[in-house]
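All remarks here apply to the structure that follows.
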Amino acid sequence: MMRIMGRSRSLLAALAACLLLVGCGSGPRQVGSAVIFSDREVTVDQVQDLLDEAVREHPAAQQLSQQHKLDLLGREIVRQLVVHDVLTRAAQREGLAVDPRLLDQFLAADPLADPVDTAGADPSQLAQQIANRVRDHREVITDSLLLQALGQKYLDRMSVTFDYTSVSSDIGGDQPLDRRERAIAKAEEMAQSPTAAAEVIRADAAAGERTSTGEVVPAAQAPDLATLVLFGVRPGTVVAFQPSQEQAVWIVAIVRERNLNAPSSGEQVTQPSAAQLAAIGQRLLQPYVEEAGVRINPRYGVWDPVAMNLAPSSAETTGAVVPVKGAAQP
């Protein structure tokens with residue numbers, strides 16, 4: 001088993017920052033299930049117990065309750081439980097484990113023992129920090145370390161090759177919702193057949209849209225990009241997503257190749273932060289979510305593979321993942 005060995009205090013600080021500052025179809029058949037996996041379930045009662053504990057013991061949760069935003073905390077708890085389950089499966093397959101001595105170090109300086117700082121925090125960030133605190137701290141810290149280890153393992157070995165087109169606000173002055181709908185519609189069009197994506201991209205290029213083919217992105221050269229949905233889908237899949245909330249452009253891409261054993265580029269890059277490694281590790285869990293047959297009770301929303309998160313409804317997801325019809329899926 002690969003072991004995460006003892007580190008310096010700087011690693012303790014990096015983990016604390018990761019935990020405290022960053023967001024590291026039909027529902028289940030059983031009414032009492034919050035999440036159904038292929039071989040187990042998380043019950044609504046389990047989620048409700050954590051919600052009740054949060055409101056009882058954490059002023060930040062009481063604040064969310066007063067603002068009628070406890071649904072954010074419920075979704076965050078469910079998200080973390082889904083990630084924990086599929087991460088456990090991935091760690092077993094990848095041979096990853098946390099050194100108990102290192103885990104004891106983190107628990108001795110437990111950053112989750114501190115109260116949630118509500119000053120200036122948005123509700124989603126508060127929900128994440130509260131959920132971290134009401135879950136078992138050993139489990140939360142173990143998950144964070146395993147996500148970082150998974151991201152580190154593949155950082156220098158992962159690359160994707162894709163073709164893309166774009167949807168921007170330059171056409172007709174459309175609104176953000178219109179751009180999302182246009183991007184998803186284009187993704188579905190590109191997934192109609194193995195040749196449809198190339199045809200759409202050629203037409204968009206002729207119309208002046210930003211397009212490209214044969215783009216190759218090694219994760220080590222672009223750690224931030226390695227957290228995006230492009231790195232989490234099988235070849236022969238079309239994805240639609242907005243790379244940055246600060247920019248109006250949506251990207252619609254078809255992944256041609258996803259290589260988890262790419263040769264090292266040899267180029268020196270800045271070592272990613274703990275939060276970046278954890279985000280890359282979480283993106284690598286995307287196929288495991290599918291394999292685990294995850295189904296979410298609609299009371300908590302729907303699974304959004306683009307964000308690796310829960311959305312309140314299918315109309316509020318952050319994009320789309322559409323397998324190409326007739327394409328050979330590995």
Side-chain angles (χ1 to χ4, degrees), residues 158-259 262 265 267 269 276 279-280 283 286-287 290 302-309 311 313-330:
M158 179 168 58
S159 71
V160 293
T161 303
F162 59 95
D163 306 336
Y164 77 88
T165 183
S166 55
V167 173
S168 70
S169 60
D170 297 331
I171 300 176
D174 51 352
Q175 297 301 308
L177 183 59
D178 299 326
R179 290 192 291 276
R180 176 185 178 279
E181 291 174 346
R182 288 174 52 209
I184 292 176
K186 185 167 289 190
E188 291 171 347
E189 181 183 0
M190 289 170 60
Q192 287 301 307
S193 73
T195 61
E199 294 165 1
V200 170
I201 291 172
R202 279 196 297 269
D204 281 359
E209 282 284 12
R210 184 190 309 172
T211 67
S212 183
T213 59
E215 290 284 336
V216 180
V217 179
Q221 293 181 22
D224 283 339
L225 293 183
T227 68
L228 298 176
V229 65
L230 285 166
F231 280 81
V233 297
R234 295 180 174 88
T237 303
V238 177
V239 295
F241 63 100
Q242 188 176 12
S244 170
Q245 294 295 320
E246 285 71 42
Q247 298 181 9
V249 176
W250 279 69
I251 297 298
V252 187
I254 179 168
V255 175
R256 299 297 187 184
E257 182 179 5
R258 179 178 183 260
N259 192 342
S265 65
E267 295 186 19
V269 295
Q276 284 178 312
I280 294 169
R283 179 56 63 189
Q286 192 171 334
E290 183 178 343
V302 299
W303 185 256
D304 179 0
V306 175
M308 288 293 287
N309 202 347
S313 69
S314 57
E316 298 169 85
T317 59
T318 56
V321 173
V322 191
V324 172
K325 294 178 181 178
Q329 293 278 341

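Heavy atoms only, all atoms of each residue included: P235 and E257 are closest at CG-CA, 4.0 Å. In this structure, S166 and V249 approach most closely via the heavy-atom pair CB-CG1, 4.0 Å. Pairing each heavy atom of V217 with each of A222, the nearest pair is CG1-CB, 4.0 Å. Considering every non-hydrogen atom in both F241 and L228, the closest pair reads CE1-CD1, 3.8 Å. For the residue pair A320 and V306, the shortest heavy atom distance occurs at N-CG2, 3.5 Å. For the pair A253 and F162, the tightest heavy-atom approach, listed with the atom from each and the gap, is CB-CD1, 4.1 Å.
The closest donor-acceptor contact from the side chain of D304 to the backbone of T318 lies under 3.5 Å. At least one donor-acceptor pair under 3.5 Å links the side chain of D163 to the backbone N or O of G214. A donor-acceptor contact shorter than 3.5 Å links the side chain of R179 to the backbone of A248. E209 places no side-chain N or O within donor-acceptor distance of the main-chain N or O of V167, the cut-off being under 3.5 Å.
Between the CH2 atom of W250 and the CD atom of E181 there is a distance of 10.0 Å, given to the nearest 0.5 Å. Taking CD from E199 and OG1 from T195, the interatomic distance works out to 4.0 Å, rounded to the nearest 0.5 Å. Note: R258 CZ to M158 CE = 7.0 Å, rounded to the nearest 0.5 Å. With rounding to the nearest 0.5 angstrom, the CZ atom of R210 is 12.5 Å from the CG atom of D204. Taking OG from S159 and CZ from F231, the interatomic distance works out to 7.0 Å, rounded to the nearest 0.5 Å. Interatomic distance, NZ of K186 versus CD1 of I184, reported as 13.0 Å (0.5 Å rounding).
For E189, the side chain to side chain donor-acceptor pair (under 3.5 Å) criterion is met by no residue, not counting sequence neighbours. Annotation: side-chain contact (heavy atoms from CB on, under 4.5 Å) contacts of A197 (sequence neighbours excluded): M190, I254, R256.
A donor-acceptor contact closer than 3.5 angstrom links the side chains of S244 and E246. For the residue pair T317 / R180, a side-chain donor-acceptor distance below 3.5 Å is found, with atom types taken as modelled.
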(request) Would you please test E188 and V238 for side-chain contact (heavy atoms from CB on, under 4.5 Å) and show each step? (result) CA-CA 8 Å; E188 291 171 347; V238 177; over 6 Å; no

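Looking at Q286 and V233, their side chains come closer than 4.5 Å, going by heavy atoms from C-beta outward. With contacts defined as side-chain heavy-atom distances shorter than 4.5 Å, the pair R234/V255 does not qualify. Under the 4.5 Å side-chain criterion, counting only non-hydrogen atoms from C-beta, L230 is not in contact with L225.
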